[in-house]
Amino acid sequence: MKWEFEGYMINTDKYLLSAERVKEFLSDSYWARDRSKELIEKTIINSFCYGVYHEEELVGFARVVSDYSTIVWICDVYIDRNHRGKGLGKKLIICILETPEFQNIRSSLVTRDAHELYEKFGFESVESRFMTRKPYTLNKY
């Protein structure tokens, strides 16, 4: 899928993505700064991805993990600092939510600092219900 607007393009063709550039983005994030390029490549292969492009340069990224039936997990949403303030984050979320495969499915995400952005699209905080388990945590049952 492809959307064009105001000199930018959002495209879901993951073969256009540069794992190296995505690593640059995520290295600037609080949630994935230590991810290796190899791990990022694996996440791209196994996710539905969105690239934001300006004059063929990758300037934004997001990915979705889904079973295409009951859950859509939006993650790794990032816009290059030089392109922020232009509505690209909003447009990226709109494109994700308008993707036919993800319509009418519960969408979830985790954010530390962008609640105001996501609330505009109907997301609500449910921190008391959210649980997570780190991969290296193994308890005897």
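The analysis underlying the following values was restricted to heavy atoms, covering all of them including side chains, and did not include hydrogens, waters or symmetry mates. Index from 1, following the sequence.
Under the rule for a side-chain hydrogen bond (donor to acceptor under 3.5 Å, both in side chains), E101 has no partner lying at least two apart in sequence or in another chain. Remark: R112 engages no residue in a side-chain hydrogen bond (donor to acceptor under 3.5 Å, both in side chains) (not counting sequence neighbours). By the side-chain hydrogen bond (donor to acceptor under 3.5 Å, both in side chains) test, K86 pairs with Y8, sequence neighbours left out. Scanning for side-chain hydrogen bond (donor to acceptor under 3.5 Å, both in side chains) contacts around E24 gives R21, with sequence neighbours left out.
Contact of the F48 side chain with the V65 side chain is not registered, since no non-hydrogen atoms from C-beta on lie closer than 4.5 Å. Within the 4.5 Å cutoff, the side chain of W3 has no heavy atoms near those of the L92 side chain. With contacts defined as side-chain heavy-atom distances shorter than 4.5 Å, the pair T70/R106 does not qualify.
Residue pairs meeting the salt bridge (charged side-chain N to carboxylate O under 4.0 Å, His left out) criterion with at least one partner in residues 7-17, sequence neighbours excluded, do not occur; the list is empty.
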side-chain contact (heavy atoms from CB on, under 4.5 Å) between M1 and N11, intermediate numbers included: CA-CA 6 Å; M1 296 179 59; N11 197 313; over 6 Å; no
Given R63 and N46, is the side-chain contact (heavy atoms from CB on, under 4.5 Å) satisfied, shown in steps? CA-CA 10 Å; R63 64 186 185 91; N46 292 301; over 6 Å; no
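Between S27 atom OG and D34 atom CG the span is 8.0 Å, to the nearest 0.5 Å. Taken to the nearest 0.5 Å, the CD1 atom of I93 stands 12.5 Å off from the NZ atom of K91. Rounded to the nearest 0.5 Å, atoms CD (E4) and CD1 (I10) are 10.5 Å apart. Here the straight-line distance linking atom CG of L117 with atom OG1 of T111 works out to 8.0 Å at 0.5 Å rounding. Note that the CD atom of E124 and the NE2 atom of H115 stand 12.0 Å from one another [nearest 0.5 Å]. Here CG of L88 is found 9.5 Å from CG of D80. Values are rounded to the nearest 0.5 Å.
Under the 3.5 Å distance criterion, the side-chain polar atoms of R84 are matched with a main-chain donor or acceptor of I79. Side-chain atoms of Q103 come within 3.5 Å of backbone N or O of E98 as a donor-acceptor pair. In terms of modelled atom types and a separation under 3.5 Å, the side chain of K37 and the main chain of A19 share no donor-acceptor contact. Formation of a donor-acceptor pair under 3.5 Å by the S66 side chain with backbone atoms of I71 is found in this model. No donor-acceptor pair closer than 3.5 Å links the side chain of S107 to the backbone N or O of V72.
Just one residue in the list V64, V110, L109 forms a side chain to side chain contact (heavy atoms under 4.5 Å, CB included) with W73, and that residue is V110.
With respect to D28 and R33, no salt bridge is recorded, no charged nitrogen being found less than 4.0 Å from a carboxylate O.
Looking at every heavy atom in both residues, A32 comes nearest to S29 through N-OG, 3.0 Å. Here the closest heavy-atom approach between residue K23 and residue S36 is recorded as CD-C, 4.2 Å.
Under the 30°/60° scheme for interplanar angles, the aromatic rings of Y68 and F102 are found to lie parallel.
Applying the under-4.5 Å side-chain rule to Ile, Leu, Val, Met, Phe, Trp and Tyr, the cluster around V22 extends to M9, L16, L17, F25, L26, Y30, W31, I40, I44, Y53, L58, F61, Y78.
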